[in-house]
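Right, one structure below, let's go through it.
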There are 2 protein chains.
Amino acid sequence: MKTLFTGADILTLEAGKPVVLRNACLGVDGDRIDYVGTVRPIAQYDTTRDFTGKMLIPGLVNTHCHAAMTLLRGLGSDKPLDVWLTQYMFPTEDKLRPEDIRSGSYLAILEMLSTGTTSFTDMYYINDETIDACLTAGIRANIARPVQEFDPSARYEDSRRAKESFDLYRRRNGDGNGLIKIDFSIHAEYTCTEEIARRYCEEAKQYPGAGMHLHISETKKEHVECMARRNGKTPAQWFDSIGAFDGVLRPYAAHCVWATDEDIALFAERGVSVMHNPSSNMKLGSGFCPVEKMRAAGVNVTLGTDGAASNNNLNMFEELHLASTIHNGYMIDAEVMKPEYTLLMSTLNGAKLQGRDDTGALLAGYKADIVAVDMNKPHLYPNPEPMATLCYSAQGSDVCMTMVDGKVVYENGEFKTLDSERILYEAKRSCEYLYGKE
Amino acid sequence: MKTLFTGADILTLEAGKPVVLRNACLGVDGDRIDYVGTVRPIAQYDTTRDFTGKMLIPGLVNTHCHAAMTLLRGLGSDKPLDVWLTQYMFPTEDKLRPEDIRSGSYLAILEMLSTGTTSFTDMYYINDETIDACLTAGIRANIARPVQEFDPSARYEDSRRAKESFDLYRRRNGDGNGLIKIDFSIHAEYTCTEEIARRYCEEAKQYPGAGMHLHISETKKEHVECMARRNGKTPAQWFDSIGAFDGVLRPYAAHCVWATDEDIALFAERGVSVMHNPSSNMKLGSGFCPVEKMRAAGVNVTLGTDGAASNNNLNMFEELHLASTIHNGYMIDAEVMKPEYTLLMSTLNGAKLQGRDDTGALLAGYKADIVAVDMNKPHLYPNPEPMATLCYSAQGSDVCMTMVDGKVVYENGEFKTLDSERILYEAKRSCEYLYGKE
């Protein structure tokens with residue numbers, strides 16, 4: 001099946017830099033893009049779709065999520081962080097059954113597909129139901145089961161979490177013709193003993209190229225307490241010391257709000273990608289990730305929503321807007337963040353973090369992960385600089401088509417692979433179990 | 001005509017504090033609310049509308065806008081502030097004709113009504129076409145023609161701008177049965193001579209209760225240069241010294257990013273309302289308005305979009321989201337801003353700034369300025385704390401009905417008073433004139 005989109009403005013790359021082709025064509029052959037250009041291709045296509053008035057952009061890549069936590073959306077909002085965690089998050093998470101993971105993951109995927117996310121990176125402690133939901137929906141995901149261990153006397157050999165993590169890799173890595181990748185994960189420095197973390201990294205290296213999903217320096221407290229606990233090492237330095245940044249792995253670190261200049265240099269040297277989560281960092285009062293310093297140092301910075309419990313949604317257009325603006329305000333400089341860069345953060349850089357080198361850009365040969373934005377809206381006119389329009393004016397709700405791997409999975413409010421009413425019904429059943437009848 | 005809404009969650013006030021009544025009723029009689037409560041009223045209504053699954057909130061009040069500037073959306077984005085102003089904004093504004101003011105204002109109103117704004121406060125140098133557009137659309141607005149004068153030898157008697165400002169008041173204040181209020185305005189300290197500003201304030205006092213729309217301390221440069229220029233006075237102190245904060249007037253000041261503790265005390269003492277514009281302040285790198293200090297000092301803080309040229313849209317849900325989160329990030333404290341407060345900022349506080357004491361709340365006796373949010377969306381479920389859901393999860397596009405003054409002006413994507421296709425067509429004609437054919 002070959003489809004040609006005509007008349008659209010297309011966000012593509014020229015010499016590695018984002019550019020917008022006006023009134024251009026994009027061809028899809030099966031699961032891949034086979035043409036992007038302003039001249040209509042000579043090749044024959046089975047279907048031609050007039051996308052005049054729409055903008056085609058690469059599917060957005062949400063690099064830090066806990067999808068099933070949509071069921072905890074809004075819970076304990078505006079409580080202090082420790083109260084929120086210990087009195088709201090942990091007790092509810094303790095109750096989650098596999099069917100709740102399933103309903104929460106489906107709920108998450110509905111929102112992600114309808115707001116232009118075609119791939120996400122997930123860290124959570126039950127995974128099979130999330131993977132099944134991704135396969136049914138037709139969305140890409142890198143999934144990791146994190147290791148954590150508070151008991152200092154715990155032995156690696158007995159770690160159920162490490163076993164589950166590797167077992168998941170062996171059972172499900174590459175599922176759905178590569179839609180699913182299984183990565184590894186240590187939840188955070190403050191939730192794991194050194195012995196378990198070190199041994200886990202050693203074992204992970206038997207799977208070259210697998211990802212290592214980490215939380216690093218999200219809060220000042222975490223950063224400072226780590227240094228006190230680990231002989232002056234920052235969380236980044238500690239993770240490096242136990243082997244999590246080994247070149248055999250593909251490490252990536254969420255938040256990094258309190259990363260020092262030395263940490264940033266370490267990320268650049270070791271090829272550690274960073275997930276910037278502006279909504280979560282703002283809402284929870286974590287602080288400002290030094291994105292501009294990281295960019296200047298050559299770190300691969302990406303964009304994520306975090307879980308819906310700390311955001312409180314999974315809308316990458318909102319993150320794009322925040323990443324494009326808040327750092328200017330913080331540094332009192334209108335030129336700190338440019339659309340050309342934040343658009344890369346939310347697409348190509350995310351694809352690189354995921355180890356998916358043939359996604360994240362609208363280029364011939366790349367996977368057909370494509371999002372159409374309906375530009376025929378009052379708030380998107382005029383549109384003299386389309387990349388600025390995407391970052392400052394566009395909304396997740398302006399997405400009118402989401403294609404993953406060459407398949408249209410969402411169009412004009414309709415989910416092609418999912419029954420949204422049934423998903424909402426099942427989410428309500430889960431919430432009744434978790435919180436009681438409304 | 002009496003309409004009863006049933007089954008909705010309703011954001012109302014109890015003892016001056018926002019509360020949400022679940023599964024409640026709201027009655028409208030003509031242009032006013034005549035009932036809010038959880039018990040179904042005994043009174044007869046002509047129409048009963050089942051709004052189960054929807055949330056009714058007070059219409060949002062956008063307290064700082066330059067509506068016609070939607071035509072300059074995206075222009076010169078990401079240029080340094082002075083380049084943006086002098087090379088992009090000013091030359092384009094010089095070209096604006098009355099028909100461009102009209103088409104730009106209509107374009108602005110389309111976006112505002114569809115995202116839940118029922119009243120806005122506007123400062124711009126041509127006004128009649130904006131007022132006419134408001135009357136046709138059925139949206140409330142406080143409109144001011146600002147005074148500015150760079151020439152130190154200019155005499156107040158010759159000030160065309162001052163004449164136009166008062167003329168506008170006399171011609172149009174109270175139009176549309178009070179939908180329109182005309183306020184006064186001095187653009188800013190850095191754009192006006194002291195003589196003109198002082199004399200203008202004196203004349204304005206002949207109209208007790210009229211508003212006085214000001215820009216104050218938007219950038220550090222403005223703040224510091226004022227102190228050098230005005231014998232150490234901050235912009236707030238200078239405006240106070242020339243009589244702009246006189247008790248006869250209803251003064252309100254946009255931005256106030258660099259307001260000092262003394263300025264804040266002055267605002268509280270003089271009853272100066274502040275318009276917080278988070279998108280604009282972040283995007284343009286202006287900095288963080290000390291909203292929490294102002295709240296603590298008893299200042300009436302409100303919320304605005306600024307013009308679409310510096311935002312780049314007019315979506316109050318976006319401002320609500322930013323105001324609810326960025327200050328937590330800036331002050332590294334998850335409890336700085338609470339939904340209860342930011343919802344007041346965007347409704348009742350705005351109404352107070354506008355001198356419209358019977359708007360801004362869903363209470364019996366208040367004007368029927370009502371917005372319905374469709375809660376039956378994946379990203380709005382679960383919804384354990386509806387005020388948190390509004391601030392952190394809801395989008396402008398979730399608005400499914402906007403009522404102003406008892407009239408439904410927007411519902412389910414349809415504008416009842418405006419022809420959106422014609423408005424987009426006319427906006428395109430204006431843009432072709434301003435920027436040439438695409």
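Letters go in sequence order (proteins before strands), and every chain restarts at 1.
The CG atom of B/L424 sits 6.0 Å away from atom CG of A/N376, with the distance rounded to the nearest 0.5 Å. For the atom pair OG1 (A/T325) and CG (B/N312), the distance works out to 10.5 Å, reported to the nearest 0.5 Å.
In plain terms, the two heavy atoms of B/R73 and A/P382 that are nearest each other are CD-O, 3.7 Å. Nearest heavy atom pair, residue B/E385 against residue A/K79, reads OE2-NZ, 4.3 Å. Of all the heavy atoms in A/Q395 and B/E318, the pair that sits closest is NE2-OE2, 2.6 Å. For the pair A/K283 and B/N328, the tightest heavy-atom approach, listed with the atom from each and the gap, is O-ND2, 3.0 Å.
Proximity to chain B (any heavy atom under 4.5 Å) is shown, for A/D398, by neither the backbone nor the side chain. Heavy-atom distances place the side chain of A/H321, and not its backbone, under 4.5 Å from chain B. A/S77 touches chain B through backbone and side chain together, each having a heavy atom under 4.5 Å away. Interface remark: A/L322 contributes side-chain atoms only to the contact with chain B (heavy atom separation under 4.5 Å). Using a 4.5 Å cut-off between heavy atoms, A/S393 touches chain B through backbone and side chain atoms alike. For A/K220, no part lies near chain B; criterion is any non-hydrogen pair under 4.5 Å. A/D78 touches chain B through backbone and side chain together, each having a heavy atom under 4.5 Å away. Only the backbone of A/T70 comes within contact range of chain B, with at least one heavy atom under 4.5 Å from a heavy atom of that chain. Residue contact with chain B, scored on non-hydrogen atoms closer than 4.5 Å, involves the backbone of A/M337 exclusively.
Taking the six-membered ring where the residue is Trp, the centroids of A/Y425 and B/Y381 are separated by 6.0 Å or more.
Interface check for chain B: of the options A/C431, A/S397, A/S279, the most heavy-atom pairs under 4.5 Å are formed by A/C431. Interface check for chain A: of the options B/S430, B/P339, B/A394, the most heavy-atom pairs under 4.5 Å are formed by B/P339. Options B/L72, B/I326, B/T389 differ in how many heavy-atom pairs under 4.5 Å they form with chain A, and the most are formed by B/I326. The most heavy-atom pairs under 4.5 Å with chain A, out of B/H379, B/E111, B/K377, B/M331, come from B/H379.
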Starting from the C-alpha separation in whole Å, work towards a yes-or-no answer on side-chain contact (heavy atoms from CB on, under 4.5 Å) for B/I332 and A/F288. CA-CA 9 Å; B/I332 312 183; A/F288 287 76; over 6 Å; no
